[in-house]
A.B. asks: 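Sending over a structure as structure tokens; questions will come in a sec.
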Amino acid sequence: MTDPALRGRKLLLGVTGSIAAYKTPALIRLLKRHGAEVQVLTTPAASHFVTTETLATVSGRPVLTDLFANHNTWTQHVELGLWADLMVIAPLSAQTLAKLAHGFADSMLTASVLAARFPVLICPAMDRDMYEHPSVRANLKRVQTYGYHVMEAAYGELASGLTGYGRMPEPPAIFECIVKLLLNRASLAGKVALVTAGPTREPIDAVRVVANYSTGSMGFAMAAALARRGAQVTLVSGPTLLETPAGVDRINVETAAEMYDAVKAHAAADYVFMAAAVADYAPAEPSTYKLPKMDKAHTIRLQPTKDILKDLGRKKRVKQVLVGFAMETHEGMAKATHKLQNKNLDWIVLNYVNEEGAGFGIGTNRVTLIGPAGSAEPLDLMPKHEVAEALLQRILREAPHCA
Ligand code: CTP
């Protein structure tokens, strides 16, 4: 029986200069037997361990190595970056890993990784002492921050005669990992998601606003993670400098009132992630003119904005998953749990603004996911896109990736 996760899927398989390359024809056969199309990309060193003819014959396609082999098709890496559903690099040598970590684009393989719009799975394989070297460990950590999935090397006898970690996992194990990633990618196909992100700006006059320090990065990471799984995502964003993630529809708003209207129009979503830092108050009488400087103290009267999330909670549809975010300075658990109940949420994501590595304007976050029965699951300090992945995996109850 063929695995439906593979049927009609397009895969890029990168092969580099590591002895384990002799196993890749078996992996290609397995993938093809289950209905996948496989385009092999090799680095020049790969041909020391497996012949180009073997790879071309087994995959049924010409193997691509040199970026400039054909002057008319030198942009092929960009096309490949759009063509595939997933890229697997197995085996990945220490040399090519270092290139990936630093963004080299000196072969069709490395250039295609940079152009990839799809998940990338890497299977490092090398001798034990190389695998344990701090530079290799650092490079593996670094590529994980780019969102690459790492399948750690297996333990066992190595070509050098040493025993330890460094073996490429066997083709069936890599196959299983590919299936999991493809299923995760498609797990929200046909679902609709709504995400809010960023600050709101409430006008005081024609040139001044009440705002906050939010940059929107957590909400944008959530939107990207949802889109990667095939959901139809609308991102309602306050003013930020961030680029719209691939496959996401973006609506720009300024004020809490505008955000409320945009959210209301898309409130029928299956998944709602309310990551925006919405102003709780707005100037009651904003001036359309620039207010002149006054010599005495000046009072601006503020009035409460609508609590968008509370409104969604009140009208929550059956089966809708509603997720709030709580950024606190103290007594976080108690405050976040109160918001979870008060706003009728399924989940709330708590973080402390004053904790190192968390808060506004930094690339990382450390959050605790509080669930329906008051369960609290602290996650490690991670880059925000990994936090978004981990939150989604947990909320969707997916198995963790085979890393
Ligand atoms: N939120 C919202 N509309 C508002 C204020 C907040 O939808 N007017 C949402 C936020 O996007 C977040 C959650 O509510 O998902 C918690 O926001 P927070 O400001 O921490 O909660 P509040 O209920 O406003 O409580 P407080 O500011 O007193 O901590």
Side-chain angles (χ1 to χ4, degrees), residues 193-203 209-223 225-226 233-240 242 251-269 271-284 302-317 320-355 358-360 365-372 376 384 387-388 391-392 395:
L194 170 66
V195 181
T196 65
T200 61
R201 268 187 202 157
E202 313 299 330
V209 294
V210 174
N212 60 65
Y213 291 121
S214 170
T215 57
S217 48
M218 195 60 236
F220 275 59
M222 276 320 314
L226 286 155
V233 186
T234 300
L235 173 63
V236 177
S237 173
T240 81
L242 300 175
I251 300 173
N252 289 325
V253 296
E254 284 273 323
T255 63
E258 286 172 18
M259 188 171 278
Y260 176 80
D261 289 340
V263 166
K264 207 170 138 196
H266 294 85
Y271 294 90
V272 179
F273 288 83
M274 192 73 204
V278 188
D280 287 328
Y281 293 93
L302 299 174
Q303 66 181 10
T305 56
K306 278 198 187 125
D307 190 322
I308 307 170
L309 189 54
K310 196 166 178 176
D311 196 60
L312 288 176
R314 221 178 278 130
K315 301 168 188 160
K316 190 161 131 44
R317 300 179 322 126
Q320 184 176 53
V321 177
L322 203 52
V323 186
F325 286 72
M327 192 176 245
E328 307 292 351
T329 53
H330 60 288
E331 293 169 15
M333 272 306 293
K335 284 172 183 275
T337 308
H338 173 73
K339 287 173 194 178
L340 176 90
Q341 289 157 357
N342 183 38
K343 301 193 188 198
N344 191 26
L345 310 179
D346 298 292
W347 303 90
I348 193 155
V349 182
L350 162 68
N351 73 330
Y352 286 97
V353 68
N354 41 1
E355 191 178 323
F360 291 127
N365 206 353
R366 189 201 300 277
V367 304
T368 298
L369 180 63
I370 304 173
K384 283 183 177 164
V387 174
L391 288 173
L392 256 192
I395 289 168

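Just follow the structure's listing: the first ligand is 1, and inside any ligand the first atom is 1.
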A.B. asks: Looking only at distance, does Ala276 have an N or O less than 3.5 Å from an N or O of ligand 1?
C.D. replies: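 Among all N and O atoms of Ala276, at least one is under 3.5 Å from an N or O of ligand 1.
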A.B. asks: Let me confirm one number: the OH-CG distance from Tyr260 to Leu309, rounded to the nearest 0.5 Å.
C.D. replies: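 Reported to 0.5 Å precision, the distance equals 12.0 Å.
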A.B. asks: Tell me the protein heavy atom at minimum distance from atom 6 (C) of ligand 1, and give that distance in Å.
C.D. replies: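 Of every protein heavy atom, Lys343 NZ, 3.9 Å lies nearest to atom 6 (C) of ligand 1.
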A.B. asks: Any chance NZ of Lys306 has more than 12 other-residue heavy atoms, nucleotides or ligands included, within less than 6.0 Å?
C.D. replies: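 Open.
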A.B. asks: Look at atom 28 (O) of ligand 1 and say whether a protein heavy atom is found at less than 4.0 angstrom from it.
C.D. replies: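 It does not; no protein heavy atom is within 4.0 Å.
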A.B. asks: Which of the atoms in ligand 1, numbered in the order shown and given with their element, are less than 4.0 Å from a heavy-atom of Gly324?
C.D. replies: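 Reading through ligand 1 atom by atom, the close ones are 15 (O).
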A.B. asks: For Leu340 and Gly371, which heavy atoms make the closest approach, and how far apart are they?
C.D. replies: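 Taking every non-hydrogen atom into account, CD2-O, 3.5 Å.
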A.B. asks: Just going by heavy-atom distances, which of Leu340, Asp280, Val272, Thr196 is nearest to atom 5 (C) of ligand 1?
C.D. replies: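 Shortest heavy-atom distance from atom 5 (C) of ligand 1: Asp280.
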A.B. asks: Whether the side chain of Asn212 engages the backbone of Pro199 through a donor-acceptor N/O pair (distance < 3.5 Å, no angle test) should be reported.
C.D. replies: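 Side chain of Asn212 to backbone of Pro199: no pair is present.
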A.B. asks: Measure the distance from atom 2 (C) of ligand 1 to every protein heavy atom, then report the residue, atom name and distance (to 0.1 Å) of the closest one.
C.D. replies: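 Protein heavy atom at minimum distance: Asp307 OD1, 3.4 Å.
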A.B. asks: Identify which of His338, Met327, Lys306, Lys335 has a heavy atom lying nearest to atom 8 (N) of ligand 1.
C.D. replies: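 It is Lys306 that holds the nearest heavy atom.
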A.B. asks: What do you reckon, does Lys339 have a nitrogen or oxygen under 3.5 Å from a nitrogen or oxygen of ligand 1?
C.D. replies: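 Yes, Lys339 has an N/O under 3.5 Å of an N/O on ligand 1.
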A.B. asks: Under 3.5 Å, N or O to N or O, is Ile308 touching ligand 1 that way?
C.D. replies: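 For ligand 1, there is an N or O atom that lies under 3.5 Å from one belonging to Ile308.
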A.B. asks: Mind checking whether Lys310 contacts ligand 1 via backbone (N, CA, C, O), side chain (CB onward), both or neither, at a 4.0 Å heavy-atom cut-off?
C.D. replies: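 Neither part.
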A.B. asks: Would you mind checking if Asp311 and Arg314 are paired as a salt bridge, meaning a charged N to carboxylate O distance below 4.0 Å?
C.D. replies: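 Yes.
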A.B. asks: Calculate, to the nearest 0.5 Å, the distance between atoms NZ and CG belonging to Lys335 and Asn342 respectively.
C.D. replies: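 Spacing of NZ (Lys335) from CG (Asn342) equals 12.5 Å.
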A.B. asks: Under 4.0 angstrom from ligand 1, any heavy atom of Ala256?
C.D. replies: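 The answer is no: ligand 1 sits nowhere under 4.0 Å from a heavy atom of Ala256.
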A.B. asks: Among all protein heavy atoms in this structure, tell me which lies nearest to atom 15 (O) of ligand 1, with the distance rounded to 0.1 Å.
C.D. replies: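 Closest protein heavy atom to atom 15 (O) of ligand 1: Met274 O, 2.7 Å.
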A.B. asks: Could you check whether any side-chain N or O of Gln320 sits under 3.5 Å from a backbone N or O of Ala267, counting only pairs where one atom can act as donor and the other as acceptor?
C.D. replies: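 Answer holds: yes.
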A.B. asks: How many angstroms lie between NZ in Lys310 and CG in Leu345, if you round to the nearest 0.5 Å?
C.D. replies: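 Spacing of NZ (Lys310) from CG (Leu345) equals 11.0 Å.
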A.B. asks: Thinking salt bridges, do Arg201 and Glu258 make one under a 4.0 Å N-O criterion?
C.D. replies: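 Here Arg201 does not pair with Glu258 in a salt bridge, since their nearest N and O are not under 4.0 Å apart.
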A.B. asks: For ligand 1, which part of Thr305 has a heavy atom less than 4.0 Å away: the side chain, the backbone, both, or neither?
C.D. replies: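 Within the 4.0 Å criterion, Thr305 contacts ligand 1 through side-chain atoms alone.
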A.B. asks: May I ask you to check whether Phe325 has an N/O atom sitting below 3.5 Å from an N/O atom of ligand 1?
C.D. replies: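 Yes, since at least one N or O of Phe325 sits under 3.5 Å from an N or O of ligand 1.
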A.B. asks: Search all heavy atoms of Asn365 against all heavy atoms of Ala358 and return the closest pair with its distance.
C.D. replies: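 Looking at all heavy atoms of both residues, the closest pair is OD1-CB, 3.4 Å.
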A.B. asks: What protein heavy atom sits nearest atom 7 (O) of ligand 1, and how far away is it?
C.D. replies: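 For atom 7 (O) of ligand 1, the nearest protein heavy atom is Leu309 N, 2.8 Å.
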